[in-house]
Amino acid sequence: MEALAEGLWGLADFHEEKGEIHKAVKCLEAICQSHVSFFPVVEVKTRLRIATLLLKHSHNVTHAKSHLERSQLLLHSIPSCFDLKCRAYSLLSQCYHLVGAIPPQKQILNKALQLTTSSGNELSVKLWSCNFNSQLANALIIEGDYQNSIAALESGYICAAQISYPELQMFFATSILHVHLMQWDDENLVEQAVNRCDQVWDSIERNKREQCLGLLFYNELLHVFYRFRVCDYKNVAQHVDKLDAAVKADMQQTREIQDLTNEINTLNQSLSRSDLHYRDRSALAEKQAQLQERLKSKTRLSSSGQHYLEPAYFGNVKRTLEDKLELAPSPIDGEWLPKSAVYALVDLMVVIFGRPKGHSKECAKRIQSGMHIIQEELVKLGITDGVKEVDLQHSAIWMAGVYLMLLMQFFENKVAVELTRSEFVEAQEALVQMKNWYMRFPTILQACESIIQMLRGQYAHYVGCYSEAAFHYLEGAKLTESKAMQAMCQIYAAVSYICIGDAESSSQALDLIGPVYRMMESFVGVREKTGVLFAYGLLLMKQHDLQEARNRLAKGLQLTHNHLGNLQLVSQYLTILGSLALALHDTVQSREILRSSLTLAKKLYDIPTQIWVLSVLTALYQELGERGNEMENVEYQRKKEDEMQRRLADAHSSIHHIELIDKVKLEVQQFHEIDIKRATAGPSMGVNLDIPESIGLSTPLPAPSSSKLVDLDSRRRGKRKI
């Protein structure tokens, strides 16, 4: 019977290699359904193999789960077989995860950990313990249990240290950092986690580090998230550059491997010819051996690629070994995100880093690149035109969620780039696409609803619809639980109210600014602080409290320059400060400040801010009696205003304009919400990308019209201090 089983196993392998998965499963099921009894170990191995095939090549998780549960029952009667028991536990845990059954998943993993605790201190035992702690941490994250998740990861870290395995220690160190970034309960703990990652990474030998590509990407991306979160833009550059270089090197390596593979295939075809001369065959065979050696040196196969039991893939994405970025060795086989998602994420980091600095061309290129990658992956998941979240296979929801969230991040940044450049029609189109994706996948993309409202507010403000802008900002604030997001929406709404210009609107602006101003020191980083100082300074200027306005704005400008490097916000700060200097009759400083502001606005192709600066410069030249400069300035200002009016006319005449600014909330029908939320909740190391920086990350604060800022001799309104 053993020989029969081995024969069927071999036949199943043959069919799998040919891509005939159905036939492979049939061969293996013949063993399980046989009337003749096989040894329990044979049946267990067969059922594990079937489950692995189903998880890797299909969405049939339920069938895989039933084979694994049957294996569990058989293994209870076998005293030994530690490795088989652990494989069954691991695969069954992943099945429970895929069907959203978290309580039984935790129960299975705790049993597995009890098994490892009672099985000695051998290397394989410690590795399996690491596997189960990693999966348990993911399950706990889904339930929002950050503390116990970190405890499980710390246990894994200790196991890795006990077997002197720094690469595995790095896996757990980065995972712990990721959880801290998601929780962000104590900034000191986050910083300690960052420092530990640096220490462990440095302890890995350089040649081994080069082979840990998955860990390199994971570690560097987490560092980028951290630096963005604390607004440390100066130190984020080195990490973004390292990521970009790693992607380019990996793509080059992939191309070279593909070229060598194609060349070897061509040689194989030539060698298969029966009429080939001996001397020619010998030369080709020698060349074939050389090429195979070169290919072998470039292909770094991990141990899991040679393992009998391959790891299951969350989301059932069919990927070759070369398409994976493994974080840990077998049997952990950790993978944070597929390589394509990591590539897209690196493009996104380049955009988020470059957008505030005015790198619009590079940002446009990276947005196009990242969105192209994502669209290709969505098609592979079956997400084509017309497909909605109700149509998705349950086991595909998690991976679809990763790519859809990334897609929305790209759309968000595209809208911001186009609005900064006054390309209103392009911004409209991107925002409408973003809205349409949300309408098709409302549960998966529920977190994006507030962002869409905020962007509708930004669009409305840029095209001069200030009342509508304030409405959408405040709706966005209601739709999020993030204090930082709420604060930014309130700040933006306040600026829109200030631009409306009447006494009631100024009072509403003050009511919004006050609470944020009083708590601005409690936010992580300086993003909210620079925003509220801008809005408060603008309001004080409207109230003719010029010196106090100057003090607030100078402080905000210094923070923006030192920490954010957001050129548009710097330009707008400078423009108000230039206006204030002129109102205080400091014409020398006013001229110097306004010229700097105009230079930045031109670099950004920011037409509204250019017009704003030019109008203040005109007032400056009038006061100084510089008639020539005044006329030249007025002529250039008129050209810019004409250009702006053309762009606004195009935007207002678009079919999407009313749809975007209308004071109407998004109304969608959500499907099987609980199931989808559970499916998108994990694994934690992949779902929560935690990139809050793009939500209002140096989002361009709208430039109020110059007439409402320069007219300092208008009737004084009553002042209220915060």
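Between the Ser496 side chain and the Ala469 main chain, no donor and acceptor come within less than 3.5 Å of each other. For Tyr459 (side chain) and Ala427 (main-chain N/O), no donor-acceptor pair under 3.5 Å exists by modelled atom type. Checked by atom type and distance alone, the side chain of Ser571 never pairs as donor or acceptor with a backbone atom of Leu567 at under 3.5 Å. Judged by distance alone, with hydrogens and angles left aside, the side-chain atoms of Asn633 form a donor-acceptor pair with the main-chain N or O of Leu614 at under 3.5 Å. Using a distance-only test at 3.5 Å, with no hydrogens or angles considered, a donor-acceptor pair links the side chain of Asp186 to the main chain of Asn188. With hydrogens and angles disregarded, no donor-acceptor distance shorter than 3.5 Å links the side chain of Ser597 to the backbone of Ile593. Checking side-chain atoms of Ser590 against main-chain N and O of Gly578 turns up a donor-acceptor pair under 3.5 Å. Between the side chain of Ser369 and the backbone N or O of Lys365, no donor-acceptor pair lies under 3.5 Å. Not a single donor-acceptor pair under 3.5 Å links the side chain of Arg227 to the backbone N or O of Ala237.
Residues passing the salt bridge (charged side-chain N to carboxylate O under 4.0 Å, His left out) test with Glu626, sequence neighbours excluded: Arg591. Qualifying ring-ring contact (aromatic ring centres under 6.0 Å, His included) partners for Phe217, counting only residues two or more places apart in sequence or in other chains: none. Taking the salt bridge (charged side-chain N to carboxylate O under 4.0 Å, His left out) definition, one finds that Lys248 meets it with Asp244, sequence neighbours left out. Partners of His239 by ring-ring contact (aromatic ring centres under 6.0 Å, His included), not counting sequence neighbours, listed by chain and number: His223. The ring-ring contact (aromatic ring centres under 6.0 Å, His included) test applied to His656 returns no partner, not counting sequence neighbours. Among residues two or more places apart in sequence or in another chain, the side-chain contact (heavy atoms from CB on, under 4.5 Å) test is passed with Gln368 by none. When the side chain to side chain donor-acceptor pair (under 3.5 Å) test is applied to Lys663, the partners found at least two apart in sequence or on another chain are Ser467. Here Arg550 pairs with Gln589 under the side chain to side chain donor-acceptor pair (under 3.5 Å) rule; sequence neighbours left out. For Asn562, the side chain to side chain donor-acceptor pair (under 3.5 Å) criterion is met by no residue, not counting sequence neighbours. Residues passing the side chain to side chain donor-acceptor pair (under 3.5 Å) test with Glu528: none are found, sequence neighbours excluded.
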CA sep, side-chain torsions, deciding dist, call: Met408, Trp437, side chain to side chain contact (heavy atoms under 4.5 Å, CB included): CA-CA 8 Å; Met408 297 298 264; Trp437 278 103; 4.0 Å; yes
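Between Arg638 and Glu641, none of the side-chain N atoms (NZ, or NE/NH1/NH2) sits under 4.0 Å from a carboxylate O, so this pair counts as no salt bridge.
Between Phe534 and Tyr573, the ring centre distance stays below 6.0 Å. Between Tyr466 and His461, a ring centre-to-centre spacing shorter than 6.0 Å is recorded.
Taking 4.5 Å as the limit, every side-chain heavy atom of Glu376 sits out of range of all side-chain heavy atoms of Ser340. Looking at heavy atoms from C-beta onward, Leu574 lies out of side-chain contact with Leu594 at the 4.5 angstrom threshold. Annotation: side chain of Glu623 is in contact with side chain of His585 (closest heavy-atom distance under 4.5 Å). Side chains of Met541 and Ser579 form a contact here, defined as non-hydrogen atoms less than 4.5 Å apart. For the pair Arg627/Gln622, no side-chain contact is recorded, criterion being any heavy-atom separation below 4.5 Å from C-beta on.
Put simply, the residue from Asn235, Leu345, Val240 that forms a side-chain contact (heavy atoms from CB on, under 4.5 Å) with Val224 is Val240. Screening Val432, Val425, Leu431 for a side-chain contact (heavy atoms from CB on, under 4.5 Å) with Glu429, the sole residue that qualifies is Val425.
Between the CG atom of Asn219 and the OG1 atom of Thr174 there is a distance of 6.5 Å, given to the nearest 0.5 Å.
Listed by first and then second residue, the ring-ring contact (aromatic ring centres under 6.0 Å, His included) pairs involving residues 630-653 are His652-His657 (not counting sequence neighbours).
Side-chain contact, Ser654 with Gln428: a donor N or O sits under 3.5 Å from an acceptor N or O.
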When the side chains of residues 482-489 are checked against the rest of the protein, which donor-acceptor pairs come out under 3.5 Å, sequence neighbours left out?
| from | atom 1 | to | atom 2 | distance (Å) |
| --- | --- | --- | --- | --- |
| Ser482 | OG | Ala484 | N | 3.4 |
| Ser482 | OG | Met485 | N | 3.1 |
| Gln486 | NE2 | Thr480 | O | 2.7 |

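Relative to the ring axis of Tyr605, Lys603 does not place its NZ or CZ within 45° and under 6.0 Å from the centre.
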